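The model shown is predicted, which means the values in this text are computed figures rather than measured ones.
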Amino acid sequence: MIELIQVPFSHYCAKVKIALREKGLPYLSQPVPGGWMDKPEFQAVNPLGRIPFMIDGDIRIGESQVINEYLEERYPQPALMPETAAQRAEVRWLCNLHDLYTAPQIFRIFFGLVNSQDKAGFAKEWQQVEQSLALLEQRVAGPWLAGEHFTLADCAWVLSWMHANALAGTLAVPFDAEARYPRISAWYQRALGRASVSAVVEEAKAALAAM
């Protein structure tokens, strides 16, 4: 069985768990060895000290997008990548918009607030989040982020959208999701109707509530 070292409220871990569930692949969730990513017990498993980290038989890989592309190639059905090169490039673009220009900023804001840092110190990170969401809003191509079919791009954005809504409230910044991002808001509600998404979202909410 696939093993996934993960933290339930991590947006990077969520994208892998949604992909696993979409593909009907059973997996065993494992806590981070040593309790957190900077611990030597975990770094002995993954020297980069990043989550998620997946073990599939003899395959041991980290980095959420690498894991998801591996899953797509190793377990191609049901497909989470489109057929044409242009469509696949769009999915990867949307995943990179998330992984490089949105998720790191959300991570820094989230853990900064957990560590009681001044809310005013996150203006730059929040501005980047809003810029990325504006790009995503313009890019939504159909019922799903990349068009007619649920893809790895949808897997990537689910939990970050949830976190962005929550962080806006905590930071007390204007957000008004449905007015500013109507396409993303409608997409998220559709996504919650999928068993894969709702299960991962509920797991994340339960973990956050227990903090």
Side-chain angles (χ1 to χ4, degrees), residues 6-18 31-32 35-38 49-52 63-65 93-146 150 152-194 196-211:
Q6 61 102 25
V7 172
F9 54 79
S10 163
H11 37 6
Y12 291 111
C13 296
K15 62 185 281 193
V16 173
K17 291 186 290 184
I18 293 170
V32 179
W36 199 240
M37 293 175 281
D38 59 350
R50 300 282 296 274
I51 54 172
E63 301 302 310
S64 60
Q65 190 60 24
W93 190 93
L94 291 167
C95 289
N96 275 3
L97 179 64
H98 174 267
D99 290 357
L100 302 179
Y101 303 102
T102 316
Q105 289 74 19
I106 288 175
F107 180 91
R108 285 194 287 271
I109 296 170
F110 179 89
F111 281 102
L113 293 173
V114 167
N115 292 318
S116 302
Q117 294 181 23
D118 185 355
K119 296 177 183 178
F122 300 113
K124 183 177 180 181
E125 284 83 2
W126 183 251
Q127 182 182 37
Q128 177 65 68
V129 171
E130 289 191 315
Q131 289 172 348
S132 295
L133 290 175
L135 281 173
L136 180 64
E137 176 69 19
Q138 295 171 10
R139 205 87 172 199
V140 175
W144 304 111
L145 295 182
F150 190 91
L152 294 181
D154 301 288
C155 298
W157 278 93
V158 165
L159 217 61
S160 284
W161 176 248
M162 185 192 85
H163 283 317
N165 279 267
L167 290 174
T170 304
L171 293 171
V173 295
F175 195 61
D176 197 0
E178 291 187 5
R180 293 181 64 188
Y181 310 109
R183 293 178 180 178
I184 304 175
S185 297
W187 158 80
Y188 183 69
Q189 292 305 312
R190 282 191 293 273
L192 288 177
R194 301 179 79 92
S196 63
V197 171
S198 61
V200 172
V201 167
E202 288 307 312
E203 181 185 4
K205 287 181 176 179
L208 290 168
M211 290 181 67

Worksheet item: Taking the six-membered ring for Trp, are Trp161 and Phe175 ring centroids under 6.0 Å apart?
Response: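 Under 6.0 Å, so yes.
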Worksheet item: Does the separation of the ring centres of Tyr12 and Phe107 fall below 6.0 angstrom?
Response: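 Ring centroids of Tyr12 and Phe107 are no less than 6.0 Å from each other.
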Worksheet item: Does the side chain of Ser132 come under 3.5 Å of the side chain of Gln128 through a donor N or O and an acceptor N or O?
Response: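 Yes, Gln128 and Ser132 have a side-chain donor paired with an acceptor closer than 3.5 Å.
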Tell me, do [X] and [Y] make a side-chain contact under 4.5 Å, heavy atoms counted?
X: Ile18; Y: Leu159; value: no
X: Leu208; Y: Met162; value: yes
X: Tyr181; Y: Leu136; value: no
X: Thr170; Y: Leu113; value: yes
X: Leu152; Y: Gln65; value: yes
X: Asp99; Y: Lys15; value: yes
X: Val7; Y: Trp36; value: yes
X: Cys155; Y: Phe150; value: yes

Discussion item. Determine whether Trp187 and Glu137 satisfy the following criterion, side chain to side chain contact (heavy atoms under 4.5 Å, CB included), listing intermediate values before the conclusion.
Written reply: CA-CA 10 Å; Trp187 158 80; Glu137 176 69 19; over 6 Å; no
Would you check if the side chain of [X] reaches a backbone N or O of [Y] as a donor-acceptor pair within less than 3.5 Å?
X: Arg139; Y: Leu94; result: no
X: Gln105; Y: Thr102; result: yes
X: Ser185; Y: Ala177; result: yes
X: Ser64; Y: Val16; result: no

At their closest point, which heavy atom of [X] faces which heavy atom of [Y], and how far apart are they?
X: Ser10; Y: Cys13; result: OG-N, 3.1 Å
X: Pro174; Y: Arg180; result: O-NH1, 3.4 Å
X: His98; Y: Ala156; result: NE2-O, 3.1 Å
X: Ser160; Y: His11; result: OG-CD2, 3.0 Å

Worksheet entry | Atom CD of Glu178: over 12 foreign heavy atoms under 6.0 Å |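 No - once you tally the heavy atoms of other residues, nucleotides and ligands closer than 6.0 Å, there are 12 at most.
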Fill in: Gap separating the CG atom of Leu135 from the OH atom of Tyr101, nearest 0.5 angstrom
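One finds 10.5 Å between CG of Leu135 and OH of Tyr101.
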Practice prompt. Tell me, with the steps shown, if Asp154 and Arg194 meet salt bridge (Lys or Arg N to Asp or Glu O under 4.0 Å).
Written response: CA-CA 11 Å; Asp154 301 288; Arg194 301 179 79 92; over 6 Å; no
Worksheet entry | Whether His163 and Phe110 hold their rings parallel, tilted or perpendicular, with breakpoints at 30° and 60° |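 Plane angle between 30° and 60°, so tilted.
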